[in-house]
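Here is the naming used below: chain letters follow the sequence lines, and residue numbers restart at 1 for every chain.
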2 protein chains.
Amino acid sequence: MATTTAGQKRAEAKREYDAYIAACPSRQLLDTVADKWVTLVLTALADTPLRYSELSRRIAGVSQKMLTQTLRTLERDGLVDRAVTATVPVRVDYTLTPLGESLVTVMAGVKTWAEAHMPEVQRARRRYDRR
Amino acid sequence: MATTTAGQKRAEAKREYDAYIAACPSRQLLDTVADKWVTLVLTALADTPLRYSELSRRIAGVSQKMLTQTLRTLERDGLVDRAVTATVPVRVDYTLTPLGESLVTVMAGVKTWAEAHMPEVQRARRRYDRR
DNA sequence: CGGTATCCATCCAGATACTG
DNA sequence: CAGTATCTGGATGGATACCG
């Protein structure tokens with residue numbers, strides 16, 4: 001029988017909406033930016049270009065895997081530039097691209113909002129948890 | 001023996017940095033906002049207050065679990081107001097708080113950046129993937 | 001109507017080991 | 001120095017069933 005369960009209907013609607021969501025630019029930006037290591041790497045590079053080892057020291061606590069993965073993503077997205085110097089041992093420098101810099105600028109705006117309003121959010125949380 | 005492995009050192013550094021990261025307001029904002037359903041619910045409520053059932057229809061594809069979970073989080077963070085009318089059957093209305101509205105405003109700014117620059121990011125991705 | 005409660009598959013971050 | 005390869009446990013989201 002061609003019975004359609006609620007789950008199937010939702011699953012179908014989900015596919016449609018996932019496509020809609022995936023197409024939303026702000027959603028895509030979130031996917032790239034809303035990551036712990038991404039924000040840290042971007043912030044670290046905001047001041048000055050850094051080598052791989054400098055980044056891993058500056059962002060203490062990051063594993064090689066995560067640092068490399070993050071840098072690859074940022075490079076792929078055109079936010080970070082990767083320059084290899086074929087010395088022995090190898091030297092790799094990471095720089096913010098103009099696009100990357102413009103993103104860091106926007107993130108600063110978000111940070112401003114957060115600094116202004118997060119205390120309020122935290123008060124709301126405490127209030128909610130106390131009830 | 002008191003040998004300290006690289007993993008242990010990194011784990012320790014991680015704890016310190018996690019605390020640092022957790023204390024960063026913009027990081028905390030990201031934790032609350034960088035969520036698929038959060039953005040959708042906030043956007044849906046930007047225009048007008050909605051009932052639970054209206055939200056679940058408007059954000060097709062969301063499961064009850066995720067919708068409820070998202071709304072609870074938003075309520076806890078003071079971004080959304082939940083009003084129960086004790087009729088039979090029950091009626092629950094969700095409204096953006098002033099704080100929630102100000103967040104939606106900021107998100108609009110991010111959206112603007114995304115709309116302006118995501119095409120560039122996508123070109124960068126295609127370029128990278130083609131190499 | 002507006003939820004809980006529960007179970008389950010899946011994805012992903014982190015740890016470890018190895019390499020050009 | 002700057003990675004790659006591989007494994008695993010814990011969190012996360014979805015499906016389903018039930019409730020005031």
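Atom P of nucleotide C:dC1 and atom CG of B:Leu50 are separated by 15 Å, given to the nearest angstrom. Here the P atom of nucleotide D:dA11 and the CG atom of B:Asp31 are 16 Å apart, to the nearest Å. Rounded to a whole Å, the CD atom of B:Gln69 is 13 Å from the P atom of C:dA5. What separates OH of B:Tyr17 from P of C:dG14 is a distance of 15 Å, to the nearest Å. Atom P of nucleotide D:dT12 and atom CE of B:Met66 are separated by 10 Å, given to the nearest angstrom. As a whole-Å value, the separation of B:Ile59 CD1 from D:dG13 P is 15 Å. The CG atom of A:Leu71 sits 16 Å away from the P atom of D:dC1 (whole-angstrom rounding). A:Lys65 places its NZ atom 9 Å from the C1' atom of D:dT6, with the value rounded to the nearest Å.
In terms of modelled atom types and a separation under 3.5 Å, the side chain of A:Thr39 and the main chain of A:Lys36 share a donor-acceptor contact.
With C:dG3, D:dG3, C:dG2 as the choices, the nucleotide that has an atom nearest any side-chain atom of B:Thr68 turns out to be C:dG3. In the set C:dT4, C:dG2, D:dG14, D:dG14 carries the atom at the smallest distance from any side-chain atom of B:Lys36. Distances were taken from every side-chain heavy atom of B:Tyr52 (C-beta onward) to each of C:dG3, D:dC1, C:dG14; the shortest belongs to C:dG3. If you check D:dG13, C:dG14, C:dT16 against the side chain of B:Arg10, the one that comes closest is C:dT16. When distances are taken from the side chain of B:Trp37 to each of D:dG3, D:dG14, C:dG2, the shortest belongs to D:dG14. Of the candidate nucleotides C:dT4, D:dG13, D:dG3, D:dG3 has the atom lying nearest to any side-chain atom of A:Gln64. Closest approach to the A:Val92 side chain among D:dA2, C:dC1, D:dT4 is made by D:dA2 (side chain taken as heavy atoms from C-beta onward).
Look at A:Arg57 and you won't find any side-chain N or O under 4.0 angstrom from OP1 or OP2 of D:dC1. For D:dA2, the OP1/OP2 oxygens have a side-chain nitrogen or oxygen of A:Arg51 closer than 4.0 Å.
Shown here is B:Tyr20, whose OH atom has no more than 12 heavy atoms of other residues, nucleotides or ligands within 6.0 Å.
Results of the side chain to side chain contact (heavy atoms under 4.5 Å, CB included) test with B:Tyr94 over B:Asp81, B:Leu45, B:Leu50 single out B:Leu45 as the only residue that passes.
B:Arg91 comes within 4.0 angstrom of sugar-phosphate atoms only, judged by non-hydrogen atoms across all strands, and of no base.
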